[in-house]
Amino acid sequence: MSEETQTPSNPEQNPQGSAQGQNPYPPNFQQPPFGYHYQPALPNATAVLVLGILSIVSCCCYGVPGIIFAVIALVLARKDKQLFTINPLWYSQSSFKNLNAGKVCAIIGLSLSILYLLFYLFFVLVFGFKAINNPDDVQDLLNSLDI
């Protein structure tokens, strides 16, 4: 037999890696340090961040969608924070930071949405629904009040 078809008897020289006891990783692969383990992200961290941002963006839609997005984000954030406090070593720190950022965005979106909704309700109570449909009526009311 020629030398090209023979497999080496030494398992460390075998490029196939089929011998028992041989390193199955490629030659340039660096194994993780001792004690390292993969930490998954919190299950809803990204969803909380997205919902928090959506609550800020949608606060101008009469306030209602912003309130809905913010409440959902805060509920999911509370559940994930409970998971993280039970065992913080199971989950990554970056996902916890995303969770906190989403929670802050949800609080800001909730407060802006409530303020906008209160402003809208005040506007309706003072000027009525007719003023919403016709801005000229609002201008006439403001001119009559000398404002």
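For the residue pair Ala45 and Ser95, the shortest heavy atom distance occurs at CB-O, 3.4 Å. In this structure, Pro65 and Ser58 approach most closely via the heavy-atom pair C-OG, 3.7 Å. The minimum heavy-atom distance between Cys59 and Leu112, with the atom names listed, is SG-CB, 3.9 Å.
Looking at Ser55, its side chain does come within 3.5 Å of a backbone N or O of Gly52 through a donor-acceptor pair. In this structure, the side chain of Gln39 does not engage the main chain of Gln93 through any donor-acceptor pair within 3.5 Å.
Remark: Leu49 CG to Leu54 CG distance equals 10.0 Å, nearest 0.5 Å. How far CD1 of Ile68 is from CG of Leu110: 11.5 Å, rounded to the nearest 0.5 Å. Expressed to the nearest 0.5 Å, how far OH of Tyr116 lies from CZ of Phe123 amounts to 9.5 Å. Note that CD1 of Ile53 and CZ of Phe69 are 12.5 Å apart. Values are rounded to the nearest 0.5 Å. Atom OH of Tyr120 and atom SG of Cys60 lie 13.5 Å apart (nearest 0.5 Å). Taking CD1 of Ile107 as the reference point, atom CD1 of Ile56 lies at 10.5 Å (rounded to 0.5 Å).
Taken together through direct or relayed side-chain contacts under 4.5 Å among Ile, Leu, Val, Met, Phe, Trp and Tyr, Leu118 and Val71 form part of one hydrophobic cluster. A chain of hydrophobic side-chain contacts below 4.5 Å, direct or via other Ile, Leu, Val, Met, Phe, Trp or Tyr residues, connects Tyr62 to Val124. The hydrophobic clustering, which links ILVMFWY residues whose side-chain heavy atoms are closer than 4.5 Å, places Leu99 and Leu83 together.
With sequence neighbours excluded, the residues satisfying ring-ring contact (aromatic ring centres under 6.0 Å, His included) with Phe84 are Phe96. Applying the ring-ring contact (aromatic ring centres under 6.0 Å, His included) criterion to Tyr91, with sequence neighbours excluded, gives no partner residue.
Within the 4.5 Å cutoff, the side chain of Ile67 has heavy atoms near those of the Ile114 side chain. For the pair Pro43 and Asp80, the minimum side-chain heavy-atom distance is below 4.5 Å.
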task: With side chain to side chain contact (heavy atoms under 4.5 Å, CB included) as the test, would you mind laying out the steps for Leu76 and Leu51 before giving the verdict?
output: CA-CA 10 Å; Leu76 291 176; Leu51 287 170; 4.0 Å; yes
